[in-house]
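Report on one structure; see the data block that follows.
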Amino acid sequence: MCSCTGDPHCTPFDRKETFHMYSVGEFVLAKSKSRPFEVHMRTWKCNPRGASCICGVAAREVNDVILIDGCHSVGLNMKQMRVTTHVKSKGRLAAGTLIKRNKDGRIIEVFFTSGAYLKVLINRRSLGVYLTVPSDDFENTAGICGVFNGDRSDDLTGSDGVKHRFERIPYLFTNSWRIQKGRSLFDQLPTKIPARQANNPVFCQCNRRKGKIDCRPENRQRNPVRKINRNKDITDEVNRKSRLRRSTTFTDTDTDSDMTYNYDYGDPTTPVNIKWSSLAQMRAAMKLCTDAAKASSAFTPCEKSGLVDVKEIVDGCVDDMKITNGDKTYLDSVASTFDTICQEEILKDPKYYTAQTDDASDPTVTGETTGTMGIPSFISNMCSTPCKNGTCVNGACVCDRNWIGDDCSVDTTKPPIAIGLIRSEACDIRARPCRVVFLGMENVADTPGLSCRVKEKVDLGPHGSSFRTFTTKGHFQSYAEVSCEVPESPVHTGLKTSSTYQISVSSDSTTWSSDVTFVVYDSLCQTCGADGTCTLKSQTCSINGKCYAAGEHNPVNLRSMCIPSLTASDWSST
């Protein structure tokens, strides 16, 4: 396994020591030289002092390209990153490929049919990336993750074949794996490989006792992490949403089609040379980072195993806090990093498995197989994310009073926080249905009572205006996003050319967030801003709440038509 976390600190395949990567841009994290597999990453300047963070990962196996991307939402003033999982390649993913997500959307996992496994932890301002490659790639990898061959001395081999000496900030090495702008998997698809050249052998399981042979694609992937995984399979959902984005289908989505946007990572050569302002500040950071690691539900057995370098993880956290002048948001990822590394190392070592009786059920094998070795309970009962205000019990967080959510991070004594619309522009009924709106959120959980309050502004003429209120179903997208259903508006029925709504969200249908303005309009005769301010277009008319183009006749009186040069608000006689 190779990992890059924090700002970021990267641990290659063959060593436990980390190096720091402060460059911004697009890089080859890893690629196979023997098969069509590669992973690219994007970094951005996530701190004014010069630190960089990973904001996106693009993974390719054969003809499949999967993006886990938050780069469209980054900025030094952002409160939290909003990450989208998207299939960029055309068509469905290869059979056996799985995309999984934990309940609150902070963890995305991709299980490839080759046995490769990609795990992404989503933090407020960065992604933590963990890549496991199969034995097929032994002696055949290259990139930031190094050469997977058991030899520590060549981990820092550049793209030109030069072996760099190991150092904490290897600028020359990391920059040798920089990808030219516009040439990464984020921007373009690789040449399609014909099926006959894909080199995907079939792996079968034989059950001699029952005389059955099982050759399903997932048998290729024998990683026990896949078998004990409790996260939700979102493969079909991601496939469906990706098809909608790529197509011209008239539908409401939370992003523009095909996730195209201008990615500007700024100055790629900003030097970083930050020192602690005091010894006391450094010691305080050390304690905070150590305590964050101990928050792992498996800290004691993992530390005792000697397989996890606790000091290396803590030092990476301390370095994050030094560069960011004590930013505590990086503490969130420490226990998750510890858990991921511990799980990987323990599951690779057979001595930690226990013998099972014939009638025992082992999650790493099919139910038809008996007499197997079982995974240690402290690994199989790990929580997917550390419980911030609760206790991990049998793989799930039991939250303290007044706290809810997958990781017990949502405070029920406070209302949800609505940050704004995901798509900030007004909604044009000629471009999409405008029946679903996506809101950026904080302090919200996936609960049975998740709902939306939609207040429609009603014009009362000389008496001002009021609001008509509806309560609709809220749909939890992730810890940072909720979608709300919107009733059919007067714009849809032709009674108005624009309509303004105030939308708020509640986890319990009682305590509501602040309102967010959502505008629906007809672009035939006007342009509207997100605040509801509309401007009539030239050569159009707005008559009785409907839009008409110049020259259109009155549907009930063909002797009158829209003549904007005479009046744009009423019919003109012909």
Side-chain angles (χ1 to χ4, degrees), residues 70 72-84 104-106 122 124-125 252-255 329 332 388-389 399 402-427 434-460 464-487 489-491 498-521 528-534:
H72 54 286
S73 67
V74 300
L76 291 177
N77 296 321
M78 74 168 186
K79 291 188 176 181
Q80 61 185 5
M81 184 182 294
R82 189 183 66 83
V83 176
T84 301
D104 66 3
R106 294 180 189 272
I122 302 169
R124 280 182 174 270
R125 302 172 69 82
D252 288 311
T253 64
D254 56 352
T255 56
T329 58
D332 293 345
K388 294 181 179 177
N389 299 282
C399 299
N402 296 329
W403 294 94
I404 57 174
D406 201 35
D407 62 351
C408 304
S409 63
V410 177
D411 187 350
T412 60
T413 66
K414 298 177 181 178
I417 300 171
I419 298 172
L421 299 178
I422 297 297
R423 298 183 68 162
S424 58
E425 74 276 12
C427 191
C434 302
R435 297 296 304 274
V436 178
V437 59
F438 296 85
L439 278 66
M441 300 294 302
E442 288 183 355
N443 200 51
V444 67
D446 188 4
T447 62
L450 183 65
S451 52
C452 302
R453 185 172 61 191
V454 182
K455 295 185 291 186
E456 179 191 349
K457 190 175 182 180
V458 179
D459 186 4
L460 300 179
S465 63
S466 67
F467 285 94
R468 182 164 54 234
T469 303
F470 308 87
T471 300
T472 65
K473 177 68 176 172
H475 299 277
F476 186 85
Q477 303 295 325
S478 75
Y479 69 97
E481 183 177 344
V482 169
S483 63
C484 295
E485 297 173 7
V486 180
S489 76
V491 183
S498 68
S499 189
T500 301
Y501 298 90
Q502 299 297 326
I503 300 177
S504 54
V505 174
S506 174
S507 292
D508 58 6
S509 302
T510 302
T511 307
W512 297 89
S513 70
S514 57
D515 290 332
V516 173
T517 301
F518 177 59
V519 177
V520 178
Y521 75 105
C528 291
D531 62 353
T533 302
C534 298

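In this text the structure is predicted, and so the values were computed from the model without any measurement.
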Legend entry - For Pro487 against Val454, the heavy-atom pair lying closest together: CD-CG1, 4.0 Å
Legend entry - Within residues 500-517 or reaching into it, pairs that qualify as salt bridge (charged side-chain N to carboxylate O under 4.0 Å, His left out) - sequence neighbours excluded: Lys455-Asp515
Inset, instruction - With the side chain counted from C-beta on, respond yes when Asp411 and Asn443 share a heavy-atom pair under 4.5 Å apart, and no when they do not. - result: yes
Legend entry - Sequence-distant partners of Lys457, salt bridge (charged side-chain N to carboxylate O under 4.0 Å, His left out), two or more places apart: none
Inset, instruction - Specify the closest pair of heavy atoms between Ser504 and Ser514, including all atoms of both residues, with the distance to one decimal. - result: CB-O, 3.8 Å
Legend entry - Shortest non-hydrogen separation from Tyr521 to Val491 and the atoms involved: C-CG1, 3.9 Å
Inset, instruction - First locate atom CZ of Phe476, then atom OG1 of Thr447, and finally report the distance between them rounded to the nearest 0.5 Å. - result: 9.0 Å
Inset, instruction - Can you sort out the partners of Ser483 under side chain to side chain contact (heavy atoms under 4.5 Å, CB included), two or more places apart, ordered by chain and number? - result: Val436, Phe438, His475, Gln477
Inset, instruction - Nearest 0.5 Å please: distance from the OG atom of Ser489 over to the CD atom of Glu456. - result: 7.0 Å
Inset, instruction - Taking the side chain as every heavy atom from C-beta outward, state whether Leu450 and Val505 have any pair of such atoms under 4.5 Å apart. - result: yes
Inset, instruction - Quick one: closest heavy-atom pair of Ala426 and Cys528, and the distance? - result: CB-O, 3.7 Å
Legend entry - From CZ (Arg423) to CZ (Phe518), nearest 0.5 Å: 10.0 Å
Legend entry - Thr472 side-chain N/O to Glu485 backbone N/O, donor-acceptor pair under 3.5 Å: yes
Legend entry - Rounded distance [0.5 Å steps], OH in Tyr501 versus SG in Cys484: 13.0 Å
Inset, instruction - Go through the side-chain N and O atoms of Ser451 and Thr471 and say whether any donor and acceptor fall under 3.5 Å apart. - result: no
Inset, instruction - Please round to the nearest 0.5 Å and tell me the distance separating atom SG of Cys452 and atom CH2 of Trp512. - result: 7.0 Å
Legend entry - Heavy-atom closest contact (Gly529 atom, Val519 atom, distance): O-CG2, 3.9 Å
Legend entry - Candidates Ile422, Val83, Thr84 - the one meeting side chain to side chain contact (heavy atoms under 4.5 Å, CB included) with Glu481: Ile422
Legend entry - Min side-chain heavy-atom separation Phe467-Val458 under 4.5 Å: no
Legend entry - pair Tyr479-Ile122: side-chain heavy atoms closer than 4.5 Å: yes
Legend entry - Electrostatic pair Lys414-Glu442, nearest N-O below 4.0 angstrom: no
Inset, instruction - Provide the closest heavy-atom pair for Val516 versus Ala418 in the form atom of the first, atom of the second, distance. - result: CG2-CB, 3.6 Å
Legend entry - Pairwise distance CD1(Ile503) to CZ(Phe470) - rounded to 0.5 angstrom: 11.5 Å
